[in-house]
Amino acid sequence: MTSETAVVARPKPGRRRRSVPGGGGLWRYLLIRFLLIIPTVFILVTLVFFLMRSTGDPITAALGGRLSGPQLAERIAAAGYDRPLMVQYLEYLGQILRADFGRTISDNRPVTEVLFTYGAATLELAFYALVVAFIVGIPLGMLAAYFRDRAPDAFLRVFAILCYATPVFFAGLILKLVFAVGLKVLPVAGRASTGAELQIQFLPNKTGIYLIDAIATGNQAVVNDVLLHAVLPGVTLGLLTAGVFLRLVRTNLIGTLGTDYVDSARSRGVSELRLVRTHAYRPALIPIITVMGLQIALLLGGAVLTETTFEWKGLGFQLAQYLQARDFVAVQGIVVLLAVVVALTNFLVDVIAAIIDPRVRY
Amino acid sequence: MRRIPILAQMRASVGLQRSMLLIGLVLTSVYVLTAIFAPLIAPYGFAQLRSDGVPFGAQQAPSATHLWGTTVGGYDVLSRVIWGAQTAILTVIVSVVLAIFAGIFLGLVSGYFGGWLDRILVLVCDAVYAFPSLLLAIVMSIALSGGQSSLWGGILAASISITVVFIPQYFRVIRAETVRIKSEAYIESAQVIGTRAPRIMARHVLRNATRTLPLILTLNSSEALLTLAGLGFLGFGIEPTAAAEWGYDLNKAISDVTSGIWWTSVYPGLAIVLTVLGITLVGESLNDLADPRLRGRRAAADGVPQAPATPASDVQVVSAGKEQEVVN
């Protein structure tokens, strides 16, 4: 560790000395990194807006076959879609700043309301998936590094590649076929059975996160029901990420296991398993955290497909529904929200990486 | 050009890595051959509903006439899986080729000239890179076709959508390489004797910047397959009468699964898994062989400190170091 730091520090000694004592380096880095979110989100919003409009206005797309020409023109004019595209774009930017994403065309609801209602479900699914990914991916990755190039390692690596190679929706269908249809031990689809769903609906302060709501009902049966429904979707989406974690932990551990300080610890007689667990693990964490940020994008993309497979009524499921209805206002809102979420998580991940590793805060 | 590096890596690999590379190559070849000879292998057409005037029937269990059964729409599953390989390979080729050309061009220009153009391109590519690729592909296919597709329309929409997702990756690698190479002495010498920028970029920079591409290429091919299947699964791929597409068939199989009909989902799904597995195994092995930290410990096994034996492996070691620069 020390030798590496020295190599990095040598070319710019003055800059390092200036930033370290005051502690201002970290704050400056965080500020710059935070300001960088703005152009990122701006670019994505702009890109999505113009791409979605390149084939025409949303009303023709949604209702084109069902309304006559004059009726269609009337609705387009009422919604302001007949004005120049630039005017609409500027207006759209203004709306977004006020957190107003317009109204959906197919069921005429405020998009913001849709985002809040279904965002909670997606958040819950992503949480379950991350738990599965951590429980499965990190220990198995350590195991693979420990047994490097031997049979367990080979087996685990193929498992990791299989996790990646299997489309989430196919993994979901297979799990469903085996555990829900074949063995009948788990529910086929949905977030809760009808009875439990009713109890949750009548709660005074709903969070939309079923696990919390179920605990709030104080009914053990409801909690169990919600958890049982979460197993298959959570495992499906979790395995996708678990494969990535496994490979990442393995690669980075092998890298740090070859460094000088690990060698010196080994020469002092520290056991191999202890080396993996204590000496090599911490430095290997930093790249893992960084890549985790990118995994959020993968996780959200996977969530769209998982939700469709299991009729998990979250943003992804809703997105697929709106896509089929050609309701592009709703699609645009959901896509923009997810873009913002990804940008924010990437920021958080960079913050964590900077706190753990001083070398990151240039 | 690509076959020779792979042969070199075959020779450099040992034990486990060699078998992974071999399995990957076999799976990939089976996939490519299936795609090429689909019209000869498939018992029926992908949109065929009847033979000799007799309808196939929907959701028929596997039998002698339909080895893998029929789908809910009354198509032959085996035939659609075989024809699906063709659709998939076309999409992969078109998207990867487009992405390589666009990515290399933008990366070269951006890295070589620098300035405000470079900053804007980096910002845009970073923004696109962080975005969930499936969502971007959805938006792109809406933009390109309004979500409805014929065979080539669908293949192009899917490929261009996937291309947009890939461009930033090629862009990043090529740009980083270009920036590094640009400061080398031989580029300066070329500038001093008055060589024009396009010629320097083509002759001196490009040749030296493209070494890491085969690795990204294999990994991207598998990602292209998964994105195409994902688009199809959401109902945004290619219409069943225009071409066979595995993701679309899986979408239609969701309700079958609940009633215990397994053959409509298992076969197209396995086709995706095995194809992606094959391509990924090849890519992974190449990647590991390129990274000295991950390469199998042949030197230790042979008992001889192994200097880079072939010119090819030498190149790989150099490029692995550079790749880390890019990642950092």
Side-chain angles (χ1 to χ4, degrees), chain A residues 39-41 43-44 47-48 50-56 61 149 153-154 157-158 161-162 164-170 173-174 176-177 180-182 188-189 251 254-255 258 287 293-294 297-302 304-305 308-309 319-320 323-324 326 328 331-332 334-335 338-339 342-343 346, chain B residues 15-17 19-20 123-124 126-136 138-140 142-147 222 225-227 229-230 233-236 246-247 250-251 253-254 257-260 262 265-266 268-270 272-281 284 291 293-294 296-297 327:
Chain A
T40 309
V41 170
I43 288 168
L44 285 176
L47 207 71
V48 171
F50 285 107
L51 282 175
M52 299 282 285
R53 285 302 164 78
S54 61
T55 40
D149 293 338
D153 180 31
R157 291 186 68 192
V158 173
I161 295 176
L162 265 179
Y164 166 79
T166 313
V168 268
F169 45 92
F170 180 55
L173 286 178
I174 291 296
K176 211 174 176 178
L177 208 53
V181 179
V188 177
T251 312
I254 288 177
L294 290 174
L298 180 76
L299 198 71
L300 286 176
V304 174
L305 297 168
T308 311
T309 314
L319 179 72
L323 276 173
Q324 252 136 49
R326 310 256 175 261
F328 294 156
V331 171
Q332 197 169 334
I334 294 175
V335 169
L338 292 180
V342 170
N346 283 351
Chain B
L16 175 62
Q17 256 163 2
S19 46
M20 277 172 66
L123 216 57
V124 171
D126 276 357
V128 171
Y129 185 71
F131 200 63
S133 51
L134 183 67
L135 294 185
L136 197 63
I138 290 173
V139 173
M140 277 306 295
I142 290 176
L144 286 166
S145 62
S222 50
L225 273 168
L226 288 176
T227 311
F233 184 74
L234 289 176
F236 257 64
W246 296 331
L250 276 170
N251 176 286
I254 300 182
V257 164
T258 321
S259 43
W262 53 271
S265 54
V266 168
L270 276 182
I272 302 177
V273 173
L274 289 179
T275 310
V276 176
L277 182 69
I279 299 175
T280 312
L281 278 175
E284 278 273 296
D291 191 335
R293 294 185 308 169
L294 298 176
R297 283 171 284 190
V327 170

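Residue numbers begin at 1 in each chain, while the letters A, B, ... track the order of the sequences. Because the structure is a prediction, the values reported are computed rather than measured.
The shortest distance between side-chain heavy atoms of A/Tyr164 and B/Ser222 falls below 4.5 Å. Counting heavy atoms from C-beta on, the side chains of A/Val181 and B/Trp262 never come closer than 4.5 Å.
Chain B forms the most heavy-atom pairs under 4.5 Å with one residue out of A/Ile334, A/Thr309, A/Val48, A/Leu300, and that residue is A/Thr309. Among B/Thr280, B/Thr275, B/Asn251, B/Leu274, the residue making the largest number of heavy-atom pairs under 4.5 Å with chain A is B/Thr280. When A/Thr166, A/Thr40, A/Leu305 are compared by the number of non-hydrogen pairs under 4.5 Å with chain B, A/Leu305 comes out ahead. The choice from B/Ala229, B/Gly269, B/Gly278 that makes the most heavy-atom pairs within less than 4.5 Å of chain A is B/Gly269.
Only the side chain of A/Leu319 comes within less than 4.5 Å of a heavy atom in chain B; its backbone stays farther off. Contact annotation for A/Val342: only side-chain heavy atoms (C-beta onward) come within less than 4.5 Å of a heavy atom of chain B. For B/Ile138, the part lying near chain A is the side chain, with the backbone staying farther off; criterion is any non-hydrogen pair under 4.5 Å. With a 4.5 Å cut-off on non-hydrogen atoms, A/Leu177 touches chain B through its backbone and its side chain both. With a 4.5 Å cut-off on non-hydrogen atoms, B/Ile254 touches chain A through its backbone and its side chain both. Both the backbone and the side chain of A/Ala154 come within less than 4.5 Å of a heavy atom of chain B.
When every heavy atom of A/Pro167 is checked against every heavy atom of B/Val273, the shortest pair comes out as CD-CG2, 4.0 Å. In plain terms, the two heavy atoms of A/Ala320 and B/Leu234 that are nearest each other are CB-CD2, 3.9 Å. Residue B/Ser265 comes nearest to A/Leu173 through the heavy atom pair CB-CD1, 4.1 Å, listed as atom of the first residue, atom of the second, then distance. The two residues B/Val266 and A/Phe170 make their nearest non-hydrogen contact at O-CZ, 3.7 Å.
The distance from the CG atom of B/Leu270 to the CD1 atom of A/Ile174 is 6.5 Å, given to the nearest 0.5 Å. Atom-to-atom distance recorded for B/Ile279:CD1 and A/Ile161:CD1 is 12.5 Å, nearest 0.5 angstrom. The distance from atom CG of A/Leu338 to atom CG of B/Leu136, rounded to the nearest 0.5 Å, is 12.5 Å.
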